[in-house]
Chemist: 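Structure incoming, see below.
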Amino acid sequence: MKRDLISMLDVKDDLDDIIDRGIDLKRRAKSGINIELLKGKTLGMIFEKSSTRTRVSFETGMTKLGGHAIFLSTNDLQLGRGESIEDTALVLSRYVDIIMYRAKSNRAMKELAHHATVPVISGLDDKEHPCQVITDLMTIKEHKGTLKGLHLVYLGDGKNNMAHSYLLGCAVTGMNITIVAPKKYWPEAFFVNQAKKFGITIKITDLVKDSTREADVVATDTWVSMGDEEQKQQRLQDFKDYTIDDTLMKGAKSDAIFLHCLPAYYGYEVTKEVAHGKQSVIFDEAENRMWAQIAIMVTLLT
Ligand code: CP
Ligand code: NVA
C-alpha cells in the first residue's frame, strides 16, 4: 500500500520518528556519511504556484539521496491545457517513484493522490502545508531539545495553510498553541476540532497585547497567501495591528525563538529587526526544509 502526505494527520503515528530521522540524516550527511538511500529513484514535482524553497529543497534533497528530481510546471504540462488530473496521475505513476504536488486546491491534491499509484507529498495547498510544519517542528526540536509541553504562539492569518498545519502539528507532538488573528481569519472548525482530540491547550484570540507572554516559539506567515491576491488591500487593513515587532518578541519568554516559513514581507507580518534578530531561526528553518523532506521521502519509500 502506498502512503501519501497531504495532511499532518497522515503522520500522526510517526511524526516524532520523521523529525528524529531528519535530525539524524542531517548530522550524518554533514559529517560526510553517505546518505544515498534512494539511489535510482525519481521524484516528479508538479507546481501550480510559485516556489523558491520547496522546489530547490526537494530537488537538492533528492540529489543528496542519490536520486533525481524533475520540475514540472503546470504551465508546461498538458494538465495546464485541460488533461485530467486522473490521467496525469496515472501516467506520471508509470515513470516516477514519488510525486510532490504544490496545488491550488486541496480538492485537486486529494484527487491526484487518489489516482496516483505512487506516494504523493503535498508541497502546499489552500488548506495545509505539512512539509513546512514538519520542518518547523524539527527546527524547534533542534533548538529546544524537545517539543512536548512547549507553547507556540502564531500571529496573523489563522485560516491559512500554515495555521491549520500548525494546529495539527502541535496537537500530534503535544505542544500547546495560541492563534492570534482577527475573528474573520480564525481557523476552520475542522482543524480546531481535530487538534482538540489530542488533548493540548488551544487558545484562539484576537487580542494582540501580551499574546506572546507564554511563548517558547513565536511564528507568523504572510498576510496574503498565494491565491488571496485580490483581497490584498482588505487584508493589509484587517491585519495592520498584528505585526510581530520588538515589543511582542520581548514580551515572549527570554529564550523564545522566532519562525517564519518565508517568503517574508517586512513591515507587514514581521519587522526585519525581528526576522533578522538574534532570536530568529528562519534560515535554519529554510535549510531544514531539505533535511525534513529527505526524512519524509525516505519514510514514504522504504
Ligand atoms: N516556505 C515555502 O514553502 O516557500 P516557497 O513558496 O518558496 O516554496
Ligand atoms: N501561506 C503561504 C505560504 C507560502 C509558503 C501561501 O500559501 O502563500
Side-chain angles (χ1 to χ4, degrees), residues 5-8 22 43-62 69 71-75 99-109 121-140 152 154-169 179-182 185-188 191 217 219-232 234-236 238-239 242 244 258-266 268-270 275 280-294 296-297:
L5 170 56
I6 307 299
S7 165
M8 290 303 293
L43 164 72
M45 308 187 293
I46 307 172
F47 282 92
E48 241 167 44
K49 294 176 173 178
S50 310
S51 169
T52 297
R53 282 142 288 267
T54 303
R55 177 184 177 177
V56 179
S57 60
F58 264 106
E59 190 162 336
T60 50
M62 201 48 169
F71 173 73
L72 303 161
S73 151
T74 42
N75 294 331
I99 295 170
M100 192 289 305
Y101 184 24
R102 169 162 284 195
K104 285 190 180 151
S105 76
N106 180 255
R107 188 199 48 74
M109 180 70 73
I121 302 175
S122 166
L124 162 162
D125 61 29
D126 57 337
K127 299 290 182 201
E128 282 204 56
H129 196 356
C131 287
Q132 183 66 56
V133 166
I134 295 171
T135 299
D136 289 15
L137 294 168
M138 173 182 162
T139 308
I140 297 166
L152 183 144
Y154 171 93
L155 284 100
D157 185 357
K159 224 187 188 64
N160 75 4
N161 40 24
M162 283 301 296
H164 289 154
S165 286
Y166 271 135
L167 267 169
L168 299 178
I179 294 193
V180 190
Y185 301 97
W186 284 6
E188 288 183 13
F191 296 98
V217 181
T220 188
D221 183 17
T222 179
W223 294 338
V224 188
S225 285
M226 292 179 278
D228 293 336
E229 291 82 0
E230 280 177 13
Q231 304 162 24
K232 183 172 176 182
Q234 182 64 49
R235 283 172 170 265
L236 298 189
D238 294 340
F239 286 109
Y242 289 76
I244 299 179
F258 173 75
L259 292 176
H260 190 314
C261 67
L262 304 177
Y265 300 93
Y266 298 133
Y268 294 96
E269 72 272 14
V270 64
S280 173
V281 297
I282 60 173
F283 298 109
D284 291 344
E285 181 186 1
E287 175 186 340
N288 281 343
R289 281 298 295 276
M290 184 173 68
W291 303 112
Q293 287 157 192
I294 280 176
I296 290 164
M297 289 191 284

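Atoms within each ligand, like the ligands themselves, are counted from 1 in listed order. Please read these numbers as outputs of a predicted model, since none were measured by experiment.
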Chemist: For Asp284, which residues count as a side chain to side chain contact (heavy atoms under 4.5 Å, CB included) partner, sequence neighbours excluded?
Modeler: Thr139, His143, Val281
Chemist: List ligand 1 atoms under 4.0 Å from Thr52, heavy atoms only on the residue side.
Modeler: 5 (P), 7 (O), 8 (O)
Chemist: Would you check, one step at a time, whether the test side chain to side chain contact (heavy atoms under 4.5 Å, CB included) holds for Gln231 with Asp238?
Modeler: CA-CA 10 Å; Gln231 304 162 24; Asp238 294 340; over 6 Å; no
Chemist: Would you say the side-chain atoms of Glu128 pair up with the backbone N or O of Leu124, donor to acceptor, closer than 3.5 Å?
Modeler: no
Chemist: In the structure I gave you, are the side-chain heavy atoms of Asp228 and Arg235 within less than 4.5 Å of one another anywhere?
Modeler: yes
Chemist: Which of the numbered atoms in ligand 2 are under 4.0 angstrom from any heavy atom belonging to Asn161?
Modeler: 1 (N), 2 (C), 6 (C), 7 (O)
Chemist: Is there a side-chain contact between Asp136 and Glu285 (heavy atoms, below 4.5 Å)?
Modeler: yes
Chemist: If we set the cut-off at 4.0 Å for heavy atoms, which region of Leu262 has an atom near ligand 2: side chain, backbone, both, or neither?
Modeler: backbone
Chemist: Using a 4.0 Å cutoff against the non-hydrogen atoms of Asp221, which atoms of ligand 2 qualify?
Modeler: 1 (N), 2 (C), 3 (C)
Chemist: Looking at Thr220, Thr135, Leu137, Val217, which hits side chain to side chain contact (heavy atoms under 4.5 Å, CB included) with Leu259?
Modeler: Val217
Chemist: Please list, in number order, the atoms of ligand 2 under 4.0 Å from a heavy atom of Asn160.
Modeler: 1 (N)
Chemist: List ligand 1 atoms under 4.0 Å from Arg102, heavy atoms only on the residue side.
Modeler: 2 (C), 3 (O), 5 (P), 6 (O), 8 (O)
Chemist: What I'd like to find out is whether the side chain of Ile99 reaches to under 4.5 Å of the side chain of Ile121, using heavy atoms alone.
Modeler: no
Chemist: Checking contacts here: is it the side chain or the backbone of Leu262 that comes within 4.0 Å of ligand 1, counting heavy atoms only? Could be both or neither.
Modeler: backbone
Chemist: Could you identify the single nearest non-hydrogen protein atom to atom 2 (C) of ligand 1 and state the distance to 0.1 Å?
Modeler: Arg289 NH1, 3.3 Å
Chemist: Determine whether more than 12 heavy atoms belonging to other residues, nucleotides or ligands lie under 6.0 Å from atom NZ of Lys49.
Modeler: yes
Chemist: When you compare ligand 2 with Ser225, is there at least one nitrogen or oxygen pair between them that comes in under 3.5 angstrom?
Modeler: yes
Chemist: Hey, would you say the Phe239 and Tyr185 ring centroids sit under 6.0 Å apart?
Modeler: yes
Chemist: Report, in ascending order of atom number, the atoms of ligand 2 lying under 4.0 Å from any heavy atom of Leu124.
Modeler: 3 (C), 4 (C), 5 (C), 7 (O)
Chemist: Does Arg55 come within less than 4.0 Å of ligand 1, judged by its heavy atoms?
Modeler: no
Chemist: Relative to the ring of Phe47, is the ring of Phe71 parallel (under 30°), tilted (30 to 60°) or perpendicular (over 60°)?
Modeler: tilted
Chemist: Does any N or O atom in Cys261 lie less than 3.5 angstrom from one in ligand 1, N or O only?
Modeler: yes
Chemist: Going by the atom numbers of ligand 2, which of them fall below 4.0 Å from some non-hydrogen atom of Met226?
Modeler: 6 (C), 7 (O), 8 (O)
Chemist: Report the part of Asp126 in contact with ligand 2, treating N, CA, C, O as backbone and CB onward as side chain, heavy atoms under 4.0 Å; options are side chain, backbone, both, neither.
Modeler: neither
Chemist: Could you tell me the residue and atom name of the protein heavy atom closest to atom 4 (O) of ligand 1, and the distance to it rounded to 0.1 Å?
Modeler: Arg53 NE, 2.9 Å
